[in-house]
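Written below as structure tokens is the structure these notes are about.
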Amino acid sequence: MIYLCLAHMSEAGLEQKYIKEAFDTNWVVPLGPNVNAFEKDLEQFVGEGKQVVALSSGTAAVHLALIACGVKPGDEICVQSFTFCASSHPITYLGATPVFIDSEKDTWNMDPELLEHAILDRKAKTGKYPKAIIPVALYGMPYNIARIMEIADKYGIPVIEDAAEGMGSRYKGQVLGTFGQYGVLSFNGNKMITTSGGGALICANEADKNKIMWYATQAREAYPYYQHEQIGYNYRLSNICAGIGRGQMTIVNNHIAHHKHIQALYAQLLKAIPGIQLHEAPNAEYDANYWLCTITLDPSLRIEGQENAYKETVKSAVGGAAGVIHQVDSPTTDCQPNDNVEALRVYLLAHQIEARPLWKPMHKQPVYAQSPAYVNGVSEAIFKVGMCLPSGPMVSDEDVRYIVETIKKAIL
Ligand SMILES: *Cc1c(COP(=O)(O)O)cnc(C)c1O
């Protein structure tokens with residue numbers, strides 16, 4: 001089976017060395033030498049004099065960034081609609097409201113003009129400016145951060161960059177996550193590097209780093225006993241997981257190079273197939289890590305088995321997501337990938353290739369039906385024609401050739 005994006009450990013086995021060190025020195029806790037060293041490695045990697053706090057997940061990083069921006073119940077946050085739910089769910093943890101912003105065609109990320117329109121319209125309708133702006137580096141593609149920062153600065157709104165998928169991607173040479181007030185990274189099992197589960201928040205300065213650290217460790221006051229004046233969280237990364245992270249930081253640049261290599265190979269091989277388009281950076285200013293390689297299918301393309309698409313409900317989460325999913329009564333919703341996209345997914349799966357739909361835009365999710373959304377139709381249209389292909393360090397050149405050959409065979 002060729003999986004979408006699997007974790008890959010360093011050949012030198014450094015992950016296990018650092019974990020063993022943690023056991024040998026009895027640092028089996030959510031702080032310690034591996035955590036500190038991992039943060040130093042990350043600070044060096046992102047550069048720009050930034051500070052980094054290692055956390056238990058990328059979702060926790062988004063949550064704490066919002067708290068540090070002073071988000072309170074009733075506040076509004078402008079967030080990219082075309083994303084994984086971890087970009088927007090923490091807004092609701094705080095009793096605040098996401099305001100979803102649709103995408104531009106070339107990057108698939110937050111449309112800056114729509115963002116400015118939304119900011120002004122929210123001000124007109126509620127009397128208040130949104131409290132933060134969250135652009136997302138979808139599948140590793142940089143957002144138009146120059147324009148987004150210009151707008152954010154104009155209205156004095158902090159930017160929280162969700163670079164969970166864009167670790168090491170660059171805009172005009174600068175690493176994503178270092179432009180805004182805060183930058184989010186994720187080290188979940190399928191991201192650019194893994195700590196099994198984990199994340200980090202990139203901070204602009206020491207004061208912000210201390211604030212995040214304080215909230216991440218139950219917000220304690222300086223007394224001999226536990227004295228609490230604010231609500232805190234248990235969000236610090238464990239010293240064991242940080243050991244994995246230290247090992248992974250020795251190969252992060254190899255991983256990024258490999259993802260880019262796989263993307264280039266797809267570009268070369270898919271060129272010959274009419275009706276299939278590889279999603280690529282609009283120009284050299286956008287240096288994507290190509291965390292996942294994505295394609296779009298012309299709606300007129302006919303795929304084997306297309307007449308059977310969505311005939312049956314799915315029995316387990318696509319992609320084998322952990323945990324439990326609710327069983328559903330109907331195999332369809334009012335917004336889903338086209339029949340030919342679903343047919344190609346099923347065809348590839350039957351040939352031992354895992355492909356997945358794109359993230360379904362948040363403004364089309366039933367749970368967010370009541371949230372304001374500023375839409376131009378772009379993310380919904382791309383969701384219906386798009387698909388993610390296997391990418392990452394465990395995918396070989398031979399795998400890519402087999403995947404493209406199989407796609408060719410699937411086309412009628
Ligand atoms: C993975 C991801 C996150 C954070 O994920 P965790 O699994 O909590 O580490 C946040 N935003 C996006 C867009 C992601 O893909």
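When a ligand or atom number is given, it counts from 1 through the structure's own listing order. Starting from 1, each residue takes its place in the sequence as its number.
Figure legend: cation-pi geometry between Arg246 and Phe38 absent, as NZ or CZ is not positioned both under 6.0 Å from the six-membered ring centre and within 45° of its axis.
A salt bridge links Arg345 to Glu342: at least one charged side-chain nitrogen sits closer than 4.0 Å to a carboxylate oxygen. Salt bridge Lys154/Glu150: absent, no basic N to carboxylate O contact under 4.0 Å. A salt bridge between Asp75 and Lys128 is present, with a side-chain N of the basic residue lying under 4.0 Å from a carboxylate O of the acidic one.
At least one heavy atom of Gly198 sits closer than 4.0 Å to an atom of ligand 1. Within the 4.0 Å heavy-atom cutoff, Ser87 counts among the residues contacting ligand 1.
Annotation: atom 5 (O) of ligand 1 to nearest protein heavy atom, Ser186 OG, 3.6 Å. Of the protein's non-hydrogen atoms, Glu165 OE2, 2.5 Å is the one closest to atom 15 (O) of ligand 1. Protein heavy atom at the shortest distance from atom 8 (O) of ligand 1 is Thr59 OG1, 2.5 Å. Atom 11 (N) of ligand 1 has its closest protein heavy atom at Asp162 OD2, 2.7 Å.
If you take CG on Asn289 and CD on Gln263, they are separated by 10.0 Å, rounding to the nearest 0.5 Å.
Short contacts between ligand 1 and Thr83, defined as distances under 4.0 Å to a heavy atom of the residue, involve ligand atoms 13 (C). When each atom of ligand 1 is checked for a heavy atom of Lys191 under 4.0 Å away, the hits are 1 (C), 2 (C), 3 (C), 5 (O), 14 (C), 15 (O). Close approach to Ala164 involves these atoms of ligand 1, each under 4.0 Å from a residue heavy atom: 2 (C), 3 (C), 10 (C), 11 (N), 12 (C), 14 (C). Each of the atoms 7 (O) of ligand 1 lies under 4.0 Å from some heavy atom of Asn188.
Atom CD of Gln44 sits in a sparse spot, with 12 or fewer heavy atoms from other residues, nucleotides or ligands closer than 6.0 Å. Taking a 6.0 Å sphere around CD of Gln218, one finds it holds more than 12 heavy atoms contributed by other residues, nucleotides or ligands.
Heavy atoms of Val136 found under 4.0 angstrom from ligand 1 belong exclusively to the side chain.
Side-chain atoms of Tyr155 and Glu116 include a donor-acceptor pair closer than 3.5 Å.
For ligand 1, one of its N or O atoms has an N or O atom of Gly58 under 3.5 Å away.
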